[in-house]
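Working notes, beginning with the structure itself.
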Amino acid sequence: MAAYTMKTVSADGVDIFYREAGPQTPTTPTILLLHGFPSSSHQYRNFISLLDQGSSQKYRIIAPDLPGYGFTTVPESRNYTYTFENIATTIEAFLDVLTITKLSIYVFDYGAPTGYRLALRRPDAIQAIITQNGNAYEEGLSAFWDPLRALWASGSQADREAIHAGALSFDAVKWQYTHGTDASKVAPEAYHLDHALMQRPGNQDIQLDLFYDYRKNVELYPKFHEYFRTSKVPILAVWGKNDPIFISPGAEAFKRDADVEVKFVDGGHFAVESHGEEIAGHMLDFLKRKGI
């Protein structure tokens, strides 16, 4: 795979680690890759090169680590509150530091509510959305979310502890990567790294705070839908059809509100790990046809 650079910049009082490839001229179209739980920009380590090589270096490709993930660091003095609203604010500041005013966003899992919030705040900045199992509809929420819905309703310590036991173990992290796909195509260092980074002091509390805050993403679904309708932003929904977390009806639901193309790959939640070449092909073809 072609090399990319790894950098850190300060934005919103946070030291944001990111991976970058492609030209950095002002006229180069930008793609922002937003990762999901419990990963980081590491999940795009191969995908960045597929996009870079496949487009003959047409795009500036940027993949930051969200606060609470990967190698982004939040100083203790920052007193950061881990909510999706605040994460979107941090990524918004990150874009400002890099002087990015127009971009296409690739969103997955937690990257979706982050990216959709950016779109609500800066609708004129978003040129296209590629959502890979990046949900925006109730139909996309599987039974996986039932314990989280219980936590949202109660806010109780007992429900929080049940989520801790069920979602943050090594086996749970590995399951997200390997369920519904050919596990031999998934690099084991991916889920080992994710789990290891969650063992840092205080990090599991961050994850539990975000699980609880996720309810606010669901509350925003109607605003996301309104944005899809009014902006008419082109959307490609490319979905791992065997994802047990964000199920395939969530991809089809975009058709109600958006100028959307829907593609399915025979993978699971982290489809970019097992089907990166196929997804990159769909994405680059889509962007080319949209004149981006």
Side-chain angles (χ1 to χ4, degrees), residues 1-9 16-24 28-55 57-72 87 90-91 94-95 98 100 103-116 118 128-134 173 176-178 181 185-197 236-240 243 245-246 263 265 267-284 286-287 292:
M1 292 292 178
Y4 50 75
T5 58
M6 293 175 284
K7 305 176 183 178
T8 301
V9 298
I16 300 176
F17 173 91
Y18 66 103
R19 303 168 199 258
E20 180 175 29
Q24 299 180 33
T28 301
T30 297
I31 297 172
L32 177 68
L33 306 176
L34 294 173
H35 69 80
F37 166 85
S39 194
S40 65
S41 63
H42 180 264
Q43 78 172 76
Y44 297 126
R45 66 201 179 280
N46 297 322
F47 194 62
I48 291 170
S49 297
L50 290 170
L51 296 176
D52 191 43
Q53 293 178 349
S55 67
Q57 297 191 315
K58 178 180 180 180
Y59 301 103
R60 183 182 186 184
I61 304 162
I62 298 171
D65 288 357
L66 303 179
Y69 299 92
F71 302 103
T72 284
I87 288 174
T90 300
I91 296 303
F94 168 73
L95 295 174
L98 297 185
I100 295 170
L103 67 160
S104 298
I105 56 175
Y106 179 104
V107 299
F108 163 72
D109 191 85
Y110 278 13
T114 303
Y116 300 152
L118 289 175
I129 296 173
I130 298 88
T131 171
Q132 187 257 294
N133 299 71
V173 173
Q176 286 198 59
Y177 275 88
T178 59
T181 196
K185 295 182 178 179
V186 177
E189 59 266 30
Y191 48 82
H192 276 271
L193 176 63
D194 289 358
H195 184 258
L197 291 176
L236 170 65
V238 57
W239 224 258
D243 185 355
I245 299 170
F246 295 122
K263 304 284 187 181
V265 299
H269 187 59
F270 277 91
V272 76
E273 284 283 337
S274 56
H275 292 73
E277 291 187 14
E278 186 176 354
I279 293 170
H282 287 312
M283 178 175 172
L284 292 175
F286 174 78
L287 291 173
I292 300 170

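Numbers here simply count residues along the sequence, with the first being 1. Note that these values count all heavy atoms, side chains included, but never hydrogens, waters or copies made by symmetry.
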To the nearest 0.5 angstrom, please state how far the [atom1] atom of [X] sits from the [atom2] atom of [Y].
X      : Y      : atom1 : atom2 : answer
Gln43  : Leu34  : CD    : CG    : 9.5 Å
Leu66  : His35  : CG    : NE2   : 3.5 Å
Met283 : Tyr59  : CE    : OH    : 8.0 Å
Tyr18  : Leu98  : OH    : CG    : 4.5 Å
Thr131 : Phe246 : OG1   : CZ    : 9.0 Å
Arg60  : Leu103 : CZ    : CG    : 11.0 Å

Decide yes or no for [X] and [Y]: does some side-chain heavy atom of the first lie under 4.5 Å from some side-chain heavy atom of the second?
X      : Y     : value
Ile62  : Ser41 : no
Thr30  : Leu95 : no
Leu33  : Leu51 : yes
Glu273 : Arg45 : yes
Ile91  : Pro64 : yes

Note to self: I'd like to know whether Phe94 forms a side chain to side chain contact (heavy atoms under 4.5 Å, CB included) with Val9, so could you lay out the CA-CA distance, the side-chain angles of the two residues, the decisive distance to 0.1 Å, and finally the verdict.
What the structure shows: CA-CA 8 Å; Phe94 168 73; Val9 298; 3.7 Å; yes
Notebook entry, point to check: Which residues pass the side-chain hydrogen bond (donor to acceptor under 3.5 Å, both in side chains) test with Lys7, sequence neighbours left out?
Noted result: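 Lys7: side-chain hydrogen bond (donor to acceptor under 3.5 Å, both in side chains) contacts with Glu20.
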Note to self: Suppose we screen for side-chain hydrogen bond (donor to acceptor under 3.5 Å, both in side chains). Which residues come up paired with His195, at least two apart in sequence or across chains?
What the structure shows: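 side-chain hydrogen bond (donor to acceptor under 3.5 Å, both in side chains) list for His195, sorted by chain: Gln199.
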So which atom in [X] and which in [Y] form the shortest heavy-atom distance, rounded to 0.1 Å?
X      : Y      : result
Pro38  : Val173 : CG-CG1, 4.0 Å
Ser40  : Gly70  : CB-CA, 3.5 Å
Gly268 : Thr181 : N-CB, 3.8 Å
Ala63  : Ile48  : CB-CD1, 4.1 Å
Pro67  : Thr90  : CG-CG2, 3.9 Å
Gln176 : Ile245 : OE1-CD1, 3.6 Å

Checklist line | Test applied, ring-ring contact (aromatic ring centres under 6.0 Å, His included); reference residue, His269; option that passes from Trp239, Tyr191, Phe108, Tyr177 | finding: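 Exactly one pass, corresponding to Phe108.
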Notebook entry, point to check: Parallel under 30°, tilted from 30 to 60°, perpendicular over 60°: which one fits the rings of Phe47 and Tyr106?
Noted result: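 Tilted.
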Next item on the list: Measure up the Phe71 and Phe17 rings against each other and bin them: parallel (under 30°), tilted (30 to 60°), perpendicular (over 60°).
Entry: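 Geometry flag for Phe17 against Phe71: perpendicular rings.
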Next item on the list: State whether the number of non-hydrogen atoms from other residues, nucleotides or ligands found under 6.0 Å of Lys58 atom NZ is greater than 12.
Entry: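 Yes, the 6.0 Å shell around NZ holds more than 12 heavy atoms from other groups.
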Checklist line | Donor-acceptor pair, side chain of Asn133 and main chain of Gly240, under 3.5 angstrom | finding: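 Judged by distance alone, yes, a pair lies under 3.5 Å.
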Next item on the list: Identify, with sequence neighbours excluded, every residue that meets ring pair (Phe, Tyr, Trp, His ring centres under 6.0 Å) alongside Tyr110.
Entry: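 Expected list: Phe37, Phe84, Tyr214.
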Margin query: Going by side-chain contact (heavy atoms from CB on, under 4.5 Å), Ile130 matches just one of Val107, Ile105, Leu287. Which one?
Written below: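 Of Val107, Ile105, Leu287, side-chain contact (heavy atoms from CB on, under 4.5 Å) with Ile130 is met by Leu287 alone.
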